[in-house]
Visitor: 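Got a structure here, written out as structure tokens. Questions coming.
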Amino acid sequence: MHNDNNIPEELLKPYNPKETEARIYQSWLESGFFNPDVCIEKGVTAPDAEPFSMVLPPPNVTGTLHTGHALMLVIEDIMTRFARMQGKRTLWLPGTDHAAIATQSKVEKIIEKEEGKRKGDLGREEFLKRVEKFAQESHDTIVGQAKRMGASLDWSREAFTLDAKRNLAVRTAFARMYNDGLIYRGHRIVNWDPKGQTVISDDELVYEERKAKLYTFKYSKDFPISISTTRPETKVGDTAVAVNPSDERYAAFVGKEYDAVFCGVPIHIKIVADESVEKEFGTGALGVTPAHSQIDAEIALRHKLPTVQVINEYAKMMIGGENLIGKKTTEAREIIAEWLRTEGLMEKEEDVSQNISTAERTGGIIEPLPKLQWFMNVNKKFKLGHSEMAGFAAGDEVTLKELMLGVVRSGQTRIVPENFERVYFHWIENLRDWCISRQIWYGHRIPVWYDKTGGIHLPKERTIIFVRHGQSAANVADTYAGQSNSPLTETGIAQAHTLAASLKGRTISKIFSSDLSRAQDTARIIRETLGVSEYSEHQELREISAGNLENSPRHTEPLLFAAFREKTGETASELIARAKKAWEIITNDTSDGDIIVVGHQSFTSIMHAVVDGAETEAALVNHRMNWTMGNATTREYTYCVNPTDPDLSQDEDTLDTWFSSGLWTFSTLGWPNKTPDLATYHPTTVLETGYDILPFWVARMILMSTYLTGQIPFKIAYLHGLVRDEKGRKMSKSLGNIIDPLTLVDEFGTDALRMAMIVGVGPGSDSNLGKDKIKAYAKFANKLWNIQRFVLESTAQFNPESNPTLEADDQTTLDEIDALMQEVTKEMEEYKFYLVAEKLYHYTWHTFADVVIERSKQKIASGAGADSARQMLVTALPILLRALHPFMPYITEELWSKLPGRDRAMLMVSKWPCRT
RNA sequence: GCGCGAUUAGCUCAGUUGGUAGAGCAAUCCGUUUACACCGGAAAGGUCGCAGGUUCGAGUCCUGCAUCGCGCACCA
């Protein structure tokens, strides 16, 4: 085979990333190879290949991507492309996060700025419309940016933490946890943000150091003990004074009770002894305010003290005479201090600095308040329902905390770098019950309904079992013969019986059937075996199956849908619309228990596709393939029926955003339904995210997954660090040093940015991003470009199949590359991408280009050993392109497409090089 | 208070299980204009924070200290 004499014209110019990148990404999209199903269909991945799966940490829909996101996309794309090239069944699943409070407050600010309106002026419905519009726009921006980074995400599976399917997952999770007693409603001291008018979690607090006055005083003249506080206004709510049990100064008073009138408010104070009080602090005595301090509330609980709330949701006094009531806390503080002075009760006033809690999003000063909220109990024992985790068996009595600790301690989930495991343990061990309710509008509404007596109603979880009726070789033969209405063969009957037996023990309320006689036969057998009385056939269900009754080659895949549509003349969307109607009929059944639907293959798979939200023909075919490949005869669907009684009212609050993101590894794969994706890809292989959200997100995913699925969510949690500016400073608005990754892409190309972000940046460590570094790798891209140009020019007349004997030095080069590939493969598998990128860069430039190519120039010029050199060059170059592809996908794909004389399969699905 | 990390060339950082100290950028000198000036070659530059210890041998392991950064908790 002779190569073309002409070097592609574009190669004669310097590498132009701008022109190349959009075109290459489009060709990747068109290939469909981001979708593992397509890879299997097109034969680039074996159907039984080892899966590699990873979810994208969903970016918040609050705006645009920053450099941290860019780093995340780079690392994850490297992992994904490497796995795909290794032939694994590779899924990298994209999505975005609704980010409840962050998004809501952002939109509130915009509306206030542009229209001068508050969210209350618009009303819940209108306001949510605005937030959704904003979220949609942010989403589109984010997706566009991710694509420019070269991310090989499977867009066909994209998810959103607030879409309908994730809402099903949230409702199901909530209901299960409630039924296990892990979610409860109770009065607790919470972090109340008076500015945002919502509860926030400990993680959303920001501490600010401020100056404050520490007042030391007595409640009244005849009160025996002095106390200190920075917040005298709360003291009208005191119900006790606590001292350390070993404190001899106060031992005589413990147990005594006193009445006093404090700034006009009658108070009743009991002296109690509690270990938590430090003798050395202040006077060694603590005024206990159970309603407005976490610690005091705990003391009050231990000593059964009453709780008196004195401050309301607007941070104003709600108790006292006219001098106090309705006053802001800061005003009340001064009034009471003044009262103490005039009464001669004040003993000391000193300046101290103290950390006060403020709300991360609104900046409001947090007021600890007792509120009726929803909580998740992390310390309560429950019976584990299902477990595929080592060290935990179904039926074990465990707590959520034990699950979270256990799977990491045992190494089933590993954290990389390892030292972060200690941070993780530290956080879990100190974890308190998690307040999951928020008084904001944007988010998953708490799936709880109240009746007039205050009774609580939750969604009911139901299962629909789709049964593909008894299929056998004989049935297929019948179909061929055009006798699809023939009754069940003996094999089919036997299968129906087996199926029915496997369903025994479940509560089945009703069986639906499409009207194929065989389906009816199967339904009848199941009904008789299970003793279910109800059996329905609906017109709509029959219509769905009608088009496929006769003579269609329905056993041949994936032609089925084409055949179906020829028959009925329907578009995919019409088909889907009818299927949706059928689904509605099935799910509107309100009787208790699960439901069985029996149908032939087409019917069940169309229903399957509809339930999974397929909206296009491509998606239908995709589902069809899943169904076939999974070779399932039954498929279970879970859904939740919300209470429909009009007298019930739903809880006004929404869930903490981490509740839905905790479900992310499996809600994206179809949970609570038993989908093929869930079976194939969960637990996911790796979770890659920033170390800053290790406790909030990583820990909660482990909690949710171990409890709800009985599986770990991921085998490896790979943590990356912060991206700082070139001087090592944190990027921030106030410093004005925020770099938009896309301007860097415009200037230097995506590949250069990717290399700059990855080289030398190990897990868990922060990195500095400067233009010099990116520039260096832009040069490298050009170098690579010219290497190929040289190789093509000097081998234009060369026939590699002449297979010349290699001279010793050329053979050595190939051996070196071989050794390098083995080395980097091992390092890739150990997640040491930062080393691999550097090694490949260094070898390509400073050995291959500077030494090997220079040497081959002489050989080719002199003619002695020229063919040996050419043979070496045409062998070595494709290997380097493949090895560099995960790091620099665009330029390598482009160069690959210009290599002559090889099959034109895309580089992104070529095999990772191990040997020359 | 508890915990984590860092300290290596002028700057930014690598350095796998201990075996003669590495890269990029910057700075110096020389070369090259048909693969590439987004180039090549050469040389220069380090008591690896400090003090001990283990070892035949320590940037690497152990102990202590110092400085810087970060996280968590407390803050009556």
Side-chain angles (χ1 to χ4, degrees), chain A residues 7 11-15 202-203 205 207 209-210 212 214-216 227-232 234-235 238 241-243 276-278 281-289 292-296 299 352-357 417 419-427 429-431 691-692 694-695 721-722 724-730 748-749 752 755-756 759-762 764-794 823 826-827 830 832 834-835 837-839 841-842 845-846 849-851 853-854 856-857 873:
Chain A
I7 304 302
L11 266 181
L12 297 176
K13 295 176 244 163
Y15 173 56
D202 294 345
D203 319 318
L205 297 180
Y207 295 104
E209 187 151 325
R210 299 224 181 148
L214 182 66
Y215 303 93
T216 302
I227 57 162
S228 298
T229 184
T230 54
R231 300 200 56 190
T234 64
K235 299 287 107 181
D238 281 13
V241 165
V243 298
S276 68
V277 181
E278 283 175 40
F281 193 97
T283 62
L286 164 66
V288 180
T289 321
H292 300 287
S293 155
Q294 183 75 45
I295 296 203
D296 293 9
I299 294 173
V352 292
S353 73
Q354 65 165 6
N355 282 334
I356 59 157
S357 316
N419 56 284
F420 276 97
E421 289 188 0
R422 300 190 60 169
V423 177
Y424 175 83
F425 292 137
H426 188 252
W427 190 82
E429 277 154 11
N430 293 304
L431 190 60
Y691 66 72
D692 50 333
L694 170 70
L722 249 54
R724 299 166 177 278
D725 75 0
E726 50 206 317
K727 291 174 189 154
R729 299 173 305 179
K730 228 179 198 175
F748 302 105
M755 283 296 276
V759 170
V761 180
S765 57
D766 296 351
S767 57
N768 303 349
L769 185 66
K771 283 197 177 181
D772 282 346
K773 195 174 179 187
I774 309 170
K775 207 184 279 172
Y777 292 103
K779 286 186 189 176
F780 177 58
N782 193 56
K783 188 75 183 179
L784 195 60
W785 188 259
N786 282 295
I787 286 172
Q788 172 146 332
R789 180 169 144 197
F790 172 79
V791 171
L792 292 191
E793 276 177 5
S794 48
E823 194 180 324
K826 184 166 170 276
E827 283 167 346
E830 290 165 355
K832 293 176 180 168
Y834 53 106
L835 289 181
E838 193 175 3
K839 276 183 187 171
Y841 163 81
H842 205 251
W845 196 321
H846 298 298
D850 292 350
V851 180
I853 286 190
E854 289 305 318
S856 69
K857 270 185 194 170
L873 290 174

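Each chain gets a letter, A, B and so on, in the order its sequence line appears, and its residues count up from 1.
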Visitor: From the set B:A23, B:C38, B:C36, return the single nucleotide nearest to any side-chain atom of A:K779.
Guide: B:C38

Visitor: Minimum heavy-atom separation for A:H846 to A:D850, with atom names?
Guide: ND1-OD2, 3.0 Å

Visitor: Check this one for me: any side-chain N or O of A:H842 less than 4.0 Å away from OP1 or OP2 of B:G15?
Guide: no

Visitor: What's the closest nucleotide to the side chain of A:L835 if the choices are B:A35, B:C2, B:U16?
Guide: B:U16

Visitor: Once you apply the 3.5 Å cut-off to both distances, tell me the Watson-Crick or G-U wobble partner of B:A42, or none.
Guide: B:U28

Visitor: From the list B:G69, B:C36, B:G3, which nucleotide is the closest neighbour of the side chain of A:R422?
Guide: B:G3

Visitor: Has A:D766 got a side-chain atom pairing as donor or acceptor with A:L722's backbone, closer than 3.5 angstrom?
Guide: yes

Visitor: When the P atoms of B:A58 and B:C50 are considered, how many whole Å apart are they?
Guide: 15 Å

Visitor: Between B:A23 and B:G46, how far is it from one C1' atom to the other, in whole Å?
Guide: 14 Å

Visitor: What integer number of Å spans the C1' atoms of B:U20 and B:G59?
Guide: 13 Å

Visitor: Expressed in whole Å, how much space separates the C1' atoms belonging to B:U34 and B:C29?
Guide: 27 Å

Visitor: Would you say the ring centroid of A:F420 lies under 6.0 angstrom from that of A:Y691?
Guide: yes

Visitor: Without swapping roles, check the side chain of A:S293 against the backbone of A:T289 for a donor-acceptor pair under 3.5 Å.
Guide: no

Visitor: To the nearest Å, how far apart are A:N430 CG and B:G3 P?
Guide: 12 Å

Visitor: Among the candidates B:G24, B:C36, B:U16, find the nucleotide nearest to the side-chain atoms of A:E827.
Guide: B:U16

Visitor: Counting the atoms with a prime plus P, OP1 and OP2 as sugar-phosphate, which does A:I356 contact under 4.0 Å by heavy atoms, base, sugar-phosphate, or nothing?
Guide: nothing

Visitor: Please classify the nucleic acid contact of A:S767 as base, sugar-phosphate, or nothing, using heavy-atom distances under 4.0 Å.
Guide: nothing

Visitor: Who is the Watson-Crick or G-U wobble partner of B:U16, with both distances under 3.5 Å?
Guide: none

Visitor: Work out which heavy atom in A:L873 is nearest to a heavy atom in A:S794; give both atom names and the distance.
Guide: CD1-OG, 4.2 Å

Visitor: Below 30° counts as parallel, above 60° as perpendicular, anything between as tilted: where do the rings of A:Y841 and A:W845 land?
Guide: perpendicular

Visitor: Taking atom C1' in both B:G18 and B:C56, compute the distance separating them and give it to the nearest angstrom.
Guide: 12 Å

Visitor: In whole angstrom, give me the gap between the C1' atoms of B:G19 and B:C25.
Guide: 31 Å

Visitor: Is A:K773 side chain donor-acceptor paired with the B:C25 base, going by distance under 3.5 Å alone?
Guide: no

Visitor: With a 3.5 angstrom cut-off on both distances, give the Watson-Crick or G-U wobble partner of B:C36, or none if there isn't one.
Guide: none

Visitor: When you match A:Y691 and A:A285 each to their closest nucleotide on RNA chain B, which lands nearer the 5' end?
Guide: A:Y691

Visitor: Do A:Q788 and A:L784 come within less than 4.5 Å of each other through their side chains, counting heavy atoms only?
Guide: no

Visitor: Compare the minimum distances between each of B:G71, B:C39, B:A23 and the side chain of A:E838, then state the nucleotide with the smallest one.
Guide: B:A23

Visitor: Given that A:E823 and A:I853 both sit by RNA chain B, which one's nearest nucleotide is further toward the 5' end?
Guide: A:E823

Visitor: Partner of B:G71 by Watson-Crick or G-U wobble geometry, both contacts under 3.5 Å, or none?
Guide: B:C2

Visitor: Contact class for A:A781 vs. all strands (heavy atom < 4.0 Å): base, sugar-phosphate, or nothing?
Guide: nothing

Visitor: Work out how far the P atom of B:G22 is from that of B:C48, and round it to whole angstrom.
Guide: 15 Å

Visitor: Determine: side-chain N/O of A:K857 to OP1/OP2 of B:A35, distance under 4.0 Å, yes or no.
Guide: yes

Visitor: Quick check: do A:Y424 and A:L694 have side-chain heavy atoms less than 4.5 Å from each other?
Guide: yes

Visitor: For nucleotides B:U60 and B:A9, find the distance between their P atoms and express it as a whole number of Å.
Guide: 15 Å

Visitor: Consider the side chain of A:A776, meaning its heavy atoms from C-beta on, and name the nucleotide among B:C74, B:G24, B:A35 that approaches it most closely.
Guide: B:G24

Visitor: When all nucleic acid strands are considered with a 4.0 Å heavy-atom cut-off, which category describes A:H846: base, sugar-phosphate, or nothing?
Guide: sugar-phosphate

Visitor: Nearest to the side chain of A:N786 - B:C75, B:C36, B:G24?
Guide: B:C36

Visitor: With a 3.5 angstrom cut-off on both distances, give the Watson-Crick or G-U wobble partner of B:G52, or none if there isn't one.
Guide: B:C62

Visitor: Considering only side-chain heavy atoms of A:K832, which listed nucleotide, B:G71, B:C36, B:U16, is closest?
Guide: B:U16

Visitor: Among the nucleotides B:C13, B:C38, B:A35, which one has an atom lying closest to any side-chain atom of A:N768?
Guide: B:C13

Visitor: Ignoring the backbone of A:F790, work out which of B:A35, B:C25, B:G24 is nearest its side chain.
Guide: B:A35

Visitor: Just to be sure I understand the rule, does A:Y15 reach a base, reach only the sugar-phosphate, or reach nothing, if contact means heavy atoms closer than 4.0 Å?
Guide: nothing

